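Treat the numbers as computed from the prediction; the structure is a model and nothing was measured.
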Amino acid sequence: MLLDASLPAQLGLAGVVVEAPWWTNRALLTGVGRAAVRAVHEENIAAGVDVVTAATFRCAEADLLELGLAPGSGTAWMVHAAVGVAKAAAGNAVTVAGSVGPGDPAGHGWLVTELVRCGVDVVLAESMPSVSEAEAVLDHAVAAGATAWVSFQCGPNAALPSGESVVDGVVSAWERGAAMALLNCAPPERIEDALQAVRRHYEGPLGAYPDATGEGLTDLLARWRMDYDLAVVGGCCGTTTADLRAPATRS
């Protein structure tokens, strides 16, 4: 399966401002902005992706409240808008993942609940920096009966930002009910170090999407698919649809 490219990178190419504190949430506030987000999803689908990721990475309830959105329906509206745009673009053609980004583990249950209410196909615990935070998202998703994926940030020496082993994160996620474990949010060399470490201890479904751009990305992903038996590949920070367009990345 081919995962979509970076939404912030593509919105930036389209002239949409993506910066703190709103990040991609600002685009969801207006019809013009939502149309731009949908156009990015549609561009990804035209490029052949199998999974589009709704713009919910920064939609934790606490983050939305800090932006001044009203509690309750005001914050939930932002999540439903992001997922609605993704589902409108996807139709029945591709999988829609709802992203849960890193933050306060105690708050992840709210976003998981809203994503499930929206009807996402997959709850993606994305760029998790520690084993415990990944477990927090997974426990909520599994309890809600959702299909759950988890991706881990990869630091040097196959370690998480927490200092824990990426291998421990992947194995824990699988044992806790994740349908897919992925490695992301790092340069290709760090991702590959982690892939090598993980595959020495884990034979389950695995994916990878590095911070990378350029024509060589598709060849790299095609090699990783073969060398590490990957079920999902794609690109993280900075990647655009042009970087993923080659069919070599497809399953």
Side-chain angles (χ1 to χ4, degrees), residues 2-70 73-91 93-103 111 114-115 118-124 126-127 151 153 184-187 209-215 217-218 234-246 249:
L2 182 59
L3 188 64
D4 56 356
S6 166
L7 177 62
Q10 294 175 111
L11 286 174
L13 289 176
V16 177
V17 175
V18 181
E19 60 185 20
W22 282 88
W23 302 109
T24 53
N25 293 328
R26 185 180 296 279
L28 298 170
L29 293 173
T30 66
V32 171
R34 292 192 294 276
V37 174
R38 177 169 177 170
V40 169
H41 291 319
E42 291 173 342
E43 182 181 350
N44 276 284
I45 294 167
V49 307
D50 304 290
V51 183
V52 294
T53 307
T56 57
F57 184 81
R58 297 183 183 274
C59 281
E61 185 179 30
D63 293 335
L64 298 179
L65 290 173
E66 286 183 3
L67 294 175
L69 299 185
S73 60
T75 49
W77 175 89
M78 183 69 79
V79 179
H80 287 245
V83 175
V85 168
K87 291 178 70 173
V94 301
T95 296
V96 174
S99 175
V100 180
L111 181 51
E114 294 304 326
L115 290 173
C118 291
V120 296
D121 300 306
V122 171
V123 172
L124 171 59
E126 189 165 22
S127 301
S151 71
Q153 298 181 41
N184 78 310
C185 206
Y209 54 117
D211 296 343
T213 60
E215 295 181 358
L217 178 60
T218 54
C236 195
C237 301
T239 305
T240 69
T241 53
D243 300 314
L244 296 178
R245 200 171 292 275
T249 58

Step by step, would you call Val120 with Lys87 a side-chain contact (heavy atoms from CB on, under 4.5 Å)? CA-CA 8 Å; Val120 296; Lys87 291 178 70 173; 5.8 Å; no
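- To the nearest 0.5 angstrom, Leu3 atom CG is 8.5 Å from Asn44 atom CG.
- Residues Cys236 and Tyr209 come closest through the heavy atom pair CB-O, 3.3 Å.
- Rounded to the nearest 0.5 angstrom, Asn184 CG and Leu124 CG are separated by 8.0 Å.
- Using modelled atom types, one side-chain atom of Asp243 and one backbone atom of Gly214 make a donor-acceptor pair closer than 3.5 Å.
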Solution key, residues 57-65 side-chain donor-acceptor pairs under 3.5 Å, sequence neighbours excluded:
none

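- Heavy atoms only, all atoms of each residue included: Val51 and Ala97 are closest at CG1-CB, 4.0 Å.
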Where do Glu126 and Thr53 land on the side-chain contact (heavy atoms from CB on, under 4.5 Å) test, with the steps shown first? CA-CA 10 Å; Glu126 189 165 22; Thr53 307; 4.3 Å; yes
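- The minimum heavy-atom distance between Ala20 and Trp23, with the atom names listed, is CB-CZ2, 3.5 Å.
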Side-chain atoms of residues 6-18: list all donor-acceptor pairs with protein atoms under 3.5 Å, sequence neighbours left out, distances to 0.1 Å.
{"from": "Ser6", "atom 1": "OG", "to": "Ala9", "atom 2": "N", "distance (Å)": "3.2"}
{"from": "Gln10", "atom 1": "OE1", "to": "Thr241", "atom 2": "N", "distance (Å)": "3.4"}
{"from": "Gln10", "atom 1": "NE2", "to": "Ser6", "atom 2": "O", "distance (Å)": "3.2"}

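- Residue pairs meeting the side-chain hydrogen bond (donor to acceptor under 3.5 Å, both in side chains) criterion with at least one partner in residues 24-38, sequence neighbours excluded, are Arg38-Glu42.
- When atom types are taken as modelled, the side chain of Asp50 and the backbone of Thr95 share no donor-acceptor pair closer than 3.5 angstrom.
- Minimum interatomic distance between Val96 and Ala90 (heavy atoms only, all atoms of both residues): CG2-CB, 3.6 Å.
- Under a 3.5 Å cut-off, the side chain of Asp211 and the backbone N or O of Ala186 do form a donor-acceptor pair.
- Contact of the Leu217 side chain with the Thr239 side chain is registered, since non-hydrogen atoms from C-beta on lie closer than 4.5 Å.
- Looking at heavy atoms from C-beta onward, Thr240 lies out of side-chain contact with Thr213 at the 4.5 angstrom threshold.
- Between the Gln153 side chain and the Ser127 main chain, a donor and an acceptor come within less than 3.5 Å of each other.
- Atom-to-atom distance recorded for Leu29:CG and Trp77:CH2 is 5.5 Å, nearest 0.5 angstrom.
- For the residue pair Ala82 and Ala54, the shortest heavy atom distance occurs at O-CB, 3.9 Å.
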Step by step, work out the side-chain contact (heavy atoms from CB on, under 4.5 Å) result for Thr56 and Leu115. CA-CA 9 Å; Thr56 57; Leu115 290 173; 4.0 Å; yes
